[in-house]
2 protein chains.
Amino acid sequence: MSTREHSGEAAYKVLARELRQAILQRRYVDGTRLPTEAELADEYEVSRQTVRRAFHDLVAEGMVYRVPGRGTFAAPRDGQYLRQFGSIEDLMGLSLDTQLEVLRPLRRKVDIDAASRLRLDSDVVHTVVFRRTHEGDSFCHTTVHLHPAAAAALGDVPELGEAGAVSDATIIGLLDTRLPVPIAEAEQSITAASADQTLADALGCGIGDPLLRVDRIYLTTDQQPVELAINHFLPEQYSYRVKLRRSTH
Amino acid sequence: MSTREHSGEAAYKVLARELRQAILQRRYVDGTRLPTEAELADEYEVSRQTVRRAFHDLVAEGMVYRVPGRGTFAAPRDGQYLRQFGSIEDLMGLSLDTQLEVLRPLRRKVDIDAASRLRLDSDVVHTVVFRRTHEGDSFCHTTVHLHPAAAAALGDVPELGEAGAVSDATIIGLLDTRLPVPIAEAEQSITAASADQTLADALGCGIGDPLLRVDRIYLTTDQQPVELAINHFLPEQYSYRVKLRRSTH
DNA sequence: CGTTATTTGTGCGTATGTATT
DNA sequence: AAATACATACGCACAAATAAC
């Protein structure tokens, strides 16, 4: 043994979690520098390499950014918005000026495919279907499948329980405040599909019309999937824009 | 210096790129184990830590997965042509495992819309149309409109001058080496469209089938647009995947 | 069933390079 | 110019999971 006892969990993971919590508790806001590698190594009685390992993960999560010669800083998080990694453009301003109208309220349901994409052991998910409107125009149809724990966290939201209810919330925004662990990232897949009867009715387009399909799986900081959202957008009223940059190193 | 010369790029990045290429060229399919850390360290004359650093990035990209005690394996790619294009480098690397077939060679053309999107004073652009294939399957139809200066830089590329020519290049890769100013960023817009006669013929799908349309405008470091690429993808064979994270600055 | 070899995972110490202040 | 702080790289030791014997 090399001076260090193995109490089950890796030292760099413990350190990463402590730093993550401190940042989420807003202890390093507005440009405050985090402790240096040497300081943390000293404080936690680990090597500087172990501190670096922890920071490496936090950088990958987007929790902090580092500048050679200056230090390590908490990445400011503006509310419940997610942005594309490495870009400056907003992902989408969905909740800003749009409304949500429930088509089928939140109910327990058996869906093998959705359950497996949420990495559940059982086949049971909780599902809610709604459409999103902007100034009266429907432009997006969404089916949301929830992890049981996530569904429990949303059980007392009246706007999701009855068909026809209207709200200006987002599921992900509700989840982020009600779950004990914050949402850290999402895996997004974009493809094209054609409108079936249900989608055509909800969106007011023709059957067979092309739609933009955007699937998103939201994950908490401990990589647990909690929500699978399947969106169908009308291409005339929505396109997904990103700015790509050349990486600096 | 510690026995190793610093030829500009980090050793772990060089190694990661080589491994990435090998995997994209399908050199480690169906459960074939990649070389062990010790073997790669030996072969590339780097330390085992440096090999681990490279693998760490490849795991984060989803290129490989690792099992303690067993080894490292290429991550299976479930049928589809799935690529994550988070940076310009990713787009330039598109040529690694795809081929380009010219449908309409590079010619001078009047196109008011394309010219305005390239912020040209005149209405004249230079246009080339091709399709991209992956292991024999056409999955993408592309129309590229070039700034006159960019077209001049590509004037001596024989593969673009005649219909039917096949190449494994990318336009953006060719431009980056031939233009005096490097490509710095791209503005990307994704939406859905239906296949018209031309697209259906090129991609082998039906007229009216839904396609994923991806427009990209490439800009040099001085914000000058040089290329507008309009891609149409078959959704069965392609989806656009991105990992989203909490916003960084 | 335990033993052993292989392979990845964690951790430390050290040295040097590079960007910022 | 010097100090500070992050980045890369090496070598070593031991732990833990896996597979073969």
Side-chain angles (χ1 to χ4, degrees), chain A residues 1-19 23 28 31-75 86 222-223 247-249, chain B residues 1-19 23 28 31-75 248-249:
Chain A
M1 190 185 318
S2 61
T3 76
R4 181 120 321 280
E5 69 264 77
H6 283 245
S7 41
E9 192 172 12
Y12 74 89
K13 290 185 181 173
V14 176
L15 177 53
R17 187 171 53 246
E18 300 233 353
L19 291 170
I23 292 164
Y28 298 107
T32 318
R33 211 197 61 195
L34 269 72
T36 68
E37 295 180 353
E39 287 165 355
L40 286 168
D42 213 47
E43 182 184 345
Y44 284 83
E45 296 182 309
V46 295
S47 77
R48 195 187 139 210
Q49 307 312 316
T50 302
V51 177
R52 284 187 61 72
R53 184 76 175 78
F55 271 136
H56 195 275
D57 286 6
L58 293 175
V59 169
E61 291 172 24
M63 290 294 299
V64 304
Y65 65 93
R66 319 194 73 192
V67 185
R70 291 218 296 134
T72 304
F73 306 85
D222 46 359
Q223 300 293 303
S247 50
T248 48
H249 34 214
Chain B
M1 191 182 316
S2 62
T3 77
R4 182 120 322 280
E5 69 265 74
H6 284 242
S7 39
E9 193 172 11
Y12 75 89
K13 289 186 182 176
V14 175
L15 177 53
R17 186 172 53 246
E18 300 232 351
L19 292 170
I23 291 164
Y28 299 107
T32 317
R33 210 198 60 194
L34 270 72
T36 67
E37 295 179 353
E39 286 166 354
L40 287 168
D42 212 47
E43 183 184 345
Y44 285 83
E45 296 182 309
V46 295
S47 75
R48 194 187 143 212
Q49 308 313 316
T50 302
V51 177
R52 286 187 60 73
R53 183 71 178 79
F55 271 136
H56 196 275
D57 285 6
L58 293 175
V59 169
E61 291 171 25
M63 291 293 298
V64 304
Y65 65 93
R66 319 194 72 193
V67 185
R70 290 217 299 135
T72 305
F73 306 86
T248 45
H249 72 95

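Numbered from 1 within each chain, the chains take letters A, B, ... in sequence-line order.
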- Less than 4.5 Å apart, any side-chain heavy atom of A:Arg33 and any of A:Thr72? no
When rounded to whole Å, the NZ to C1' distance for the pair B:Lys13 and D:dA9 reads 14 Å
Residues at least two apart in sequence or cross-chain that pass ring pair (Phe, Tyr, Trp, His ring centres under 6.0 Å) with B:Tyr28, listed by chain then number, are none
Rounded to whole Å, the OH-C1' distance (A:Tyr65 to D:dA7) equals 18 Å
From CD of A:Gln49 across to C1' of C:dG9 the rounded distance in Å is 16 Å
Do the rings of B:Phe73 and B:Tyr65 sit parallel, tilted or perpendicular, given the 30° and 60° boundaries?
-> parallel
**OP:** Examine D:dT8: is either OP1 or OP2 under 4.0 Å from a nitrogen or oxygen in the side chain of B:Tyr12? Give yes or no.
**Re:** yes
For B:Arg48, the salt bridge (Lys or Arg N to Asp or Glu O under 4.0 Å) test, sequence neighbours excluded, returns B:Glu37
Do side-chain atoms of A:Glu39 reach the backbone of A:Thr36 as a donor and acceptor pair under 3.5 angstrom? yes
Here the distance between atom C1' of D:dA9 and atom CZ of A:Arg53, to the nearest Å, is 16 Å
A:Asp57 CG to C:dG9 P, in whole Å, measures 13 Å
In Watson-Crick or G-U wobble terms, with both distances under 3.5 Å, the base opposite D:dA1 is none
In whole angstroms, the gap separating P of D:dA5 from CG of A:Asp42 amounts to 13 Å
note: A:Phe73, atom CZ; D:dT4, atom C1'; distance rounded to Å ~ 12 Å
message = Is it true that B:Gln49 and B:Tyr12 share a donor-acceptor pair across their side chains at a distance under 3.5 Å?
response = no
Of D:dT8, D:dC10, C:dT10, the nucleotide closest to the side chain of A:Ala10 is C:dT10
Please list each protein N or O that sits under 3.5 Å from an N or O in nucleotides 2-8 of chain C, with the distance.
unit_1	atom_1	unit_2	atom_2	d
C:dT7	OP1	B:Arg33	NH1	3.2
C:dT7	O2	B:Gly69	N	3.3
C:dT8	OP1	B:Thr72	OG1	3.4
C:dT8	OP2	B:Glu37	N	3.0

